[in-house]
Participant: 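This is the structure I want to talk about, given as structure tokens.
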There are 2 protein chains.
Amino acid sequence: MSAKARRRTTAQLDRAAQVCAQQGAQLTDLRRHVFSLILEAGAPLTAYQLLDRLKLTHKGAAPPTIYRALDFLLEQHLIHKIERLNAFIPCVEAGHRHPAQFLICCQCGVVSEIENRAATNALEHAAEKEGFRPRNTVVEIEGVCAACFRPS
Amino acid sequence: MSAKARRRTTAQLDRAAQVCAQQGAQLTDLRRHVFSLILEAGAPLTAYQLLDRLKLTHKGAAPPTIYRALDFLLEQHLIHKIERLNAFIPCVEAGHRHPAQFLICCQCGVVSEIENRAATNALEHAAEKEGFRPRNTVVEIEGVCAACFRPS
DNA sequence: AGTCGATATGATATAATATTACATTATGGG
DNA sequence: CCCATAATGTAATATTATATCATATCGACT
């Protein structure tokens with residue numbers, strides 16, 4: 001990990017701590033550590049992959065350790081769960097709820113988050129047309145990303 | 001189950017058998033049975049719920065029994081998997097691939113399938129804008145359905 | 001400082017979901 | 001009939017997630 005990347009991660013962690021504090025929640029060392037693992041991964045990690053990494057420095061970590069941290073981070077809108085992969089990625093716009101869509105590249109495994117207004121509206125209207133009140137919408141588009149499709 | 005509903009189910013099973021035959025696949029008794037369980041459920045069923053029901057008449061059924069049947073039915077586009085629920089529902093338009101969106105009512109548990117052209121297009125364009133080639137798109141909207149929101 | 005309540009973590013067990021691997025049985029084409 | 005293929009049987013195990021109860025940490029209040 002480059003020095004630059006580490007500075008970025010630190011900045012994100014600090015920002016996350018602020019966001020939590022505003023909600024009356026605290027980003028403890030443990031939660032901060034789990035969040036940093038997710039930030040540094042560059043690709044989605046499953047709960048047990050995170051657990052393995054956490055164990056390296058945090059002897060005695062067990063499944064509830066990681067699932068509790070993940071629940072917290074999800075509640076604080078610091079991470080997202082990708083349902084198709086049972087895996088977790090950082091939220092690009094940390095700390096507040098926002099509609100998002102995920103692009104999952106089946107070649108390189110990278111998942112990118114987008115926030116497309118037109119798509120969000122279209123889904124909203126589609127639900128409304130059925131008299132349905134949406135609370136939480138999952139959009140996960142599997143395919144091939146630009147980098148993999150036209151390799152440089 | 002009413003006689004009317006049973007006739008409907010039978011018709012769907014027969015139609016499914018045709019669809020499979022056209023693909024050079026066969027809807028065996030086992031697969032047909034699993035499909036009928038899904039058709040008759042009225043709500044999404046998980047693999048193990050299906051397994052329990054299958055065991056009633058099919059002694060010796062095991063996890064692979066059900067997962068194989070589910071894989072087959074998914075391939076034939078006879079059912080959908082709802083990722084959020086790890087559960088399965090019949091496809092409303094059996095037998096061919098089509099973009100769909102699912103409305104999951106968190107009050108009554110019913111999942112309904114819609115096929116909204118505008119939403120499909122909007123997602124397509126959102127992906128395209130990123131240079132992303134979509135292969136398979138999951139849209140699952142959780143919320144409250146019309147019936148639950150305004151109970152009659 | 002002491003203690004109470006709330007929050008967070010530790011530790012063990014187990015539930016729920018899904019797959020691997022290999023054996024056996026049907027089925028249709030030659 | 002014989003073979004190849006597809007389908008199913010069977011046992012074991014991997015992966016994902018939760019329940020439960022004990023212990024520790026921390027701030028508010030006295």
Participant: Check the surroundings of atom CZ in A:Arg135: do more than 12 heavy atoms from other residues, nucleotides or ligands lie under 6.0 Å from it?
Facilitator: no
Participant: Counting C-beta onward and ignoring hydrogens, is there a side-chain heavy-atom pair between B:Gln101 and B:Thr120 closer than 4.5 Å?
Facilitator: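 Side chain of B:Gln101 against side chain of B:Thr120, heavy atoms only: contact under 4.5 Å found.
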Participant: Quickly work out the B:Asp29 CG to C:dT27 C1' distance and round it to whole Å.
Facilitator: 13 Å
Participant: Can you name the closest pair of heavy atoms from B:Val111 and B:Phe102 and give their distance?
Facilitator: CG1-CB, 4.0 Å
Participant: Identify which nucleotide among C:dT19, D:dG9, C:dA8 has an atom closest to any side-chain atom of A:Gln26, counting heavy atoms from C-beta outward.
Facilitator: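 Looking only at heavy atoms from C-beta outward on A:Gln26, the closest nucleotide is C:dA8.
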Participant: Which part of the nucleic acid does B:Arg31 contact within heavy-atom distance under 4.0 Å: base, sugar-phosphate only, or nothing?
Facilitator: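 Here B:Arg31 touches the backbone only, sparing every base.
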Participant: Closer to the 5' end of DNA chain C via nearest nucleotide, is it A:Gly24 or B:Arg68?
Facilitator: A:Gly24
Participant: Counting just side-chain N and O atoms, does B:His58 come under 4.0 Å of either OP1 or OP2 of D:dG9?
Facilitator: yes
Participant: Think A:Thr28 has a side-chain N or O under 4.0 angstrom from the OP1 or OP2 of C:dT9?
Facilitator: yes
Participant: Would you check if A:Tyr48 stacks with the base of D:dT16, given a 5.5 Å centroid limit and a 30° plane limit, both strict?
Facilitator: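 Base of D:dT16: stacked against A:Tyr48.
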Participant: Linking I/L/V/M/F/W/Y whenever their side-chain heavy atoms sit closer than 4.5 Å, directly or via other members, would B:Leu13 and B:Phe72 fall into one cluster?
Facilitator: yes
Participant: If each of B:Pro63 and A:Asp71 is mapped to the nucleotide of DNA chain D with the nearest heavy atom, which maps nearer the 5' terminus, i.e. the 5' end?
Facilitator: B:Pro63
Participant: Decide yes or no for A:Ile141 and B:Pro134: does some side-chain heavy atom of the first lie under 4.5 Å from some side-chain heavy atom of the second?
Facilitator: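 Touching, per the 4.5 Å side-chain cut-off.
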Participant: A:Lys81 near the nucleic acid: base, sugar-phosphate alone, or nothing, with a heavy-atom cut-off under 4.0 Å?
Facilitator: sugar-phosphate
Participant: Within this structure, what is the CG-to-P distance between A:Leu85 and D:dT15, rounded to whole angstrom?
Facilitator: 16 Å
Participant: Write down the distance between CZ (B:Phe72) and P (C:dT19), rounded to a whole number of angstrom.
Facilitator: 18 Å
Participant: Output the rounded distance in Å from CG (A:Leu70) to P (C:dA8).
Facilitator: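 Distance, rounded to whole Å: 15 Å.
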Participant: Would you kindly give the CG-to-P distance between B:Asn86 and D:dT18, to the nearest whole Å?
Facilitator: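 Going from B:Asn86 (CG) to D:dT18 (P), I get 10 Å.
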Participant: Separation of A:Arg84 atom CZ from C:dT17 atom P, in whole Å?
Facilitator: 18 Å
Participant: Whole-Å distance between D:dT16 P and A:Leu45 CG?
Facilitator: 12 Å
Participant: Quick one: B:Leu30 CG to D:dA6 C1', roughly how many Å, whole number?
Facilitator: 13 Å
